[in-house]
Amino acid sequence: MIRTHEAGALRSSHAGTSVTLAGWVARRRDHGGVTFIDLRDASGIVQVVFRESADAHALRSEFCLRITGQVRRRPEGNENPELPTGEIEVVVDELEVLSASDPLPLPIDEHVEAGDDVRLRHRYLDLRRSGPARALRMRSRANHIARQVLHAREFVEIETPTLTRSTPEGARDFLVPVRLQPGTWYALPQSPQLFKQLLMVAGMERYYQIARCYRDEDFRADRQPEFTQLDIEMSFVDSEDVIALSEEIMAALWRELAGHEIGLPVPRLTWHEAMDRYGTDKPDLRYGVELTELTDYLRGTDFRVFSAAIMAGGYVGAVVMPGGASQTRKELDAWQDWAKARGARGLAYVVLDPDSGQARGPVAKNLSEPHLAGLADTVGAKPGDAVFFAASDDRRGAQELLGAARVEIADRCALVDTDAWAFCWIVDAPMFEPDDAGGWTPVHHPFTAPTDEWIDRFEQAPGAALAYAYDLVCNGNEIGGGSVRIHRADVQRRVFDLLGISPAEAAEKFGFLLEAFRYGPPPHGGIAFGWDRICALLAGADSIREVIAFPKTRGGLDPLTGAPTTITARQRTEAGVDAKPAPPTHPRSERAADGE
RNA sequence: GGUCCUGUGGAGCAGCAUGGAGUGCUCGCCGCCCUGUCAAGGCGGAGGUCGCGGGUUCAAAUCCCGUCAGGACCGCCA
């Protein structure tokens with residue numbers, strides 16, 4: 001090492017010793033005869049003092065230095081209690097400039113926020129700032145904590161391929177041309193789902209991986225085209241075992257990184273309960289504002305909007321905005337635009353007069369006296385509140401609109417306790433939901449096991465059949481999801497039949513998995529955690545970009561490297577991008593043609 | 001694919017609704033001064049195609065259209 005000590009580690013106990021430090025000029029205070037430099041390395045900052053030094057005068061921000069000097073207590077009254085090293089300073093004997101720095105394109109300063117494009121363009125400078133650096137270090141600790149829990153339980157960390165074939169998550173694949181087989185393409189895995197199931201067949205019993213996953217979909221604040229899952233799979237287990245392990249990992253993470261003791265067991269909601277009460281399968285339980293179903297209460301109403309939904313076997317419900325009656329007409333109209341932006345026709349409302357409790361507003365005129373009289377009690381509204389309604393023959397659609405309104409209400413009314421952590425499991429999710437073409441599509445993925453009650457008859461009511469699936473939710477974010485898998489070939493075949501996946505198609509897509517399942521597959525299940533999102537929550541970050549070393553922008557670009565780039569004509573030819581696929585030659589494709 | 005917000009010396013912002021000389025603020029940068037500061041201080045200075053293109057106008061940072069870039073949301077995606 002070219003240094004003897006770390007800058008941030010020096011204390012008054014080091015006084016009187018000679019040290020050699022290496023680091024960066026964080027800040028310079030030049031008084032002419034005496035110059036102070038805050039020298040920063042990974043451990044922190046220490047003040048170094050130059051006297052009558054022309055060299056010090058020439059130093060600039062972010063020069064990389066090596067200095068040798070004497071540690072000593074600061075003169076009486078000059079201590080800085082803000083700094084861990086504030087009792088001492090290093091008086092410089094020797095200075096070596098290891099490298100100079102140009103003026104900075106962005107300030108390395110805790111107090112200035114820079115725009116995302118500048119930060120990412122110079123991410124290596126952004127990461128010199130304490131906040132971003134702390135986020136990455138915290139993520140490293142999170143990885144370590146998870147590994148500790150899993151290794152203590154004899155889990156095996158196994159890496160799976162990133163050049164592979166399409167996995168059944170349902171998103172668009174990233175594709176990689178294959179030079180050696182022109183016209184054929186690898187897919188980057190959307191998750192290690194199939195490989196981890198194969199590892200169960202292989203008898204590994206307890207697998208995990210901090211796995212990079214790839215999905216070619218549009219961005220959000222919590223989405224990147226490549227992202228990370230903590231991926232886990234276990235043999236000879238049921239839901240309870242996976243849930244218990246998950247809780248142990250989460251409890252350790254939050255205990256050590258957030259100083260928060262998660263109340264165990266984590267409360268559970270069934271999927272239907274979550275939809276009924278919160279209008280979402282990832283409810284934020286830090287506040288109330290629950291939905292009320294009014295389908296039965298309003299049965300018989302003359303109001304066309306509601307009666308049409310009720311007659312069609314649909315849903316009418318409401319959510320209350322506390323104090324919402326004080327909104328101006330313009331604000332209430334803005335809710336209509338808000339609802340339309342979400343694809344709804346609008347958002348019916350009544351406001352309750354703050355004094356009389358009288359219901360007013362366009363919808364109130366359309367409701368009968370008895371319906372109006374009991375409304376406030378039924379939905380739990382007080383005078384001065386506003387009540388928003390959604391009605392549709394599509395129960396889930398109406399609930400989701402109210403659920404989105406609930407989130408918006410909590411935001412506008414500042415109902416969210418930002419220090420709180422509210423976890424819950426969403427269990428008993430449906431196996432299937434209707435697809436656009438009148439068929440069925442898996443809610444989770446096609447290997448999710450039906451519950452015991454449904455295993456023999458899920459075909460009879462696919463929309464009602466429940467799965468052994470569980471999602472972990474924290475503060476309204478889905479942070480993990482998993483299921484018990486199907487390990488019986490006959491059940492798997494029936495699921496494929498229902499999904500309209502022919503034996504030939506199944507063999508083509510997952511033939512290797514089905515084949516593996518011919519050789520004594522163990523019952524197994526697992527879970528995958530959205531690792532970026534979990535780290536962002538623990539770091540208190542708004543975006544997962546903050547906990548990714550080199551994230552991409554919303555357009556999928558990396559402003560630092562300039563990726564993605566065009567390729568040369570030669571690369572194009574060599575990669576075989578334009579090659580016509582040859583007739584299948586390799587063994588797996590032949591078998592696919594056989595239809596298993 | 002759709003809706004919305006943002007783009008002004010190196011950084012962060014104000015100016016734009018109501019067009020009138022690149023105007024302002026904080027920081028940084030350069031030079032000088034300064035022996036106890038710690039987001040040091042003082043004096044002076046440099047630095048701009050107001051993202052880009054087009055239009056309206058006597059006149060555009062400001063209004064209109066398009067486009068690019070960054071961000072938020074819907075669709076999509078667990």
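Order of the sequence lines sets the chain letters (A, B, ...), proteins ahead of strands, with each chain counted from 1.
Classification of the A/Phe496-A/Phe510 ring pair by plane angle, with boundaries at 30° and 60°, yields parallel.
Base-pair partner of B/G10: B/C27 (Watson-Crick or G-U wobble, both distances under 3.5 Å). Pair assignment for B/U57 gives none, since no Watson-Crick or G-U wobble pairing has each distance under 3.5 Å. The partner of B/U3, taking Watson-Crick or G-U wobble pairs whose two distances both stay under 3.5 Å, is B/A72. Remark: B/G19 base-pairs with no nucleotide in the shown strands. Criterion, Watson-Crick or G-U wobble with two distances under 3.5 Å.
The separation of B/C50 from B/A69, taken at their C1' atoms, amounts to 16 Å, rounded to a whole angstrom. Between B/U23 and B/A61, the two P atoms lie 12 Å apart (nearest whole Å). Distance noted for atom P between B/U67 and B/C27: 40 Å (whole Å). Nucleotides B/G2 and B/U8, compared at atom P, are 26 Å apart to the nearest Å. For the P atoms, the distance linking B/A17 with B/G7 amounts to 14 Å, nearest Å. Of the P atoms belonging to B/U62 and B/C16, the separation is 13 Å, rounded to the nearest Å.
Checked against a 6.0 Å centroid threshold, the rings of A/Phe36 and A/His31 count as neighbours. Outside the 6.0 Å centre-distance limit, the rings of A/Tyr349 and A/Trp335 are not counted as a close aromatic pair.
Listed nucleotides B/G31, B/A11, B/C29 differ in distance to A/Arg60; the shortest reach to its side chain belongs to B/G31.
Between the CG atom of A/Leu106 and the P atom of B/C29 there is a distance of 13 Å, given to the nearest Å. Between the C1' atom of B/C29 and the CD1 atom of A/Ile108 lies a distance of 15 Å, rounded to the nearest Å. The separation between A/Arg123 atom CZ and B/A11 atom P is 18 Å, rounded to whole Å. Between the CG atom of A/Leu125 and the P atom of B/G10 there is a distance of 16 Å, rounded to whole Å. Counting to the nearest Å, the P atom of B/G70 and the CD atom of A/Glu113 are 18 Å from each other. Between the CZ atom of A/Arg554 and the C1' atom of B/C76 there is a distance of 12 Å, given to the nearest Å.
Taking only side-chain nitrogens and oxygens, A/Arg545 comes nearer than 4.0 Å to OP1 or OP2 of B/A72. For B/U3, the OP1/OP2 oxygens have no side-chain nitrogen or oxygen of A/Arg342 closer than 4.0 Å. In this structure, A/Ser61 does not reach the B/G28 phosphate: none of its side-chain N or O atoms is under 4.0 Å from OP1 or OP2.
Using a 4.0 Å cut-off between charged side-chain N and carboxylate O, A/Glu478 and A/Lys282 make no salt bridge. Using a 4.0 Å cut-off between a side-chain N of Lys or Arg and a carboxylate O of Asp or Glu, A/Arg165 and A/Asp173 do not qualify as a salt bridge. Ion pairing between A/Asp532 and A/Arg139 holds under the 4.0 Å rule for side-chain N and carboxylate O.
For A/Val118 and A/Asp218, each mapped to the nucleotide of RNA chain B holding its nearest heavy atom, the one lying further toward the 5' end belongs to A/Val118. Nucleotides of RNA chain B nearest to A/Thr553 and A/Val443 differ in position, and the one nearer the 5' end is that of A/Thr553.
Residues A/Thr162 and A/Tyr214 form a side-chain contact, since some pair of their non-hydrogen atoms from C-beta on lies under 4.5 Å apart.
Residue A/Arg215 is classed as a sugar-phosphate contact, given heavy-atom separations below 4.0 Å to backbone atoms only. Among the protein residues, A/Gly343 comes within range of no part of the nucleic acid, since none of its heavy atoms lies under 4.0 Å from any strand. Residue A/Leu120 is out of contact with every strand shown, counting any heavy-atom pair closer than 4.0 Å.
Between the side chain of A/Arg286 and the main chain of A/Gly476, no donor-acceptor pair closer than 3.5 Å is present.
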Produce a footprint string for nucleotides 34-39 of chain B: one letter per nucleotide, 5' end first; B if the base is under 4.0 Å from any protein heavy atom, S if only the sugar-phosphate is, - if neither.
BBBBBB

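Looking at every heavy atom in both residues, A/Phe63 comes nearest to A/Ala58 through CE2-O, 3.9 Å.
Glycosidic conformation at B/A17 (O4'-C1'-N9-C4 for purines, O4'-C1'-N1-C2 for pyrimidines): syn, within 90° of 0.
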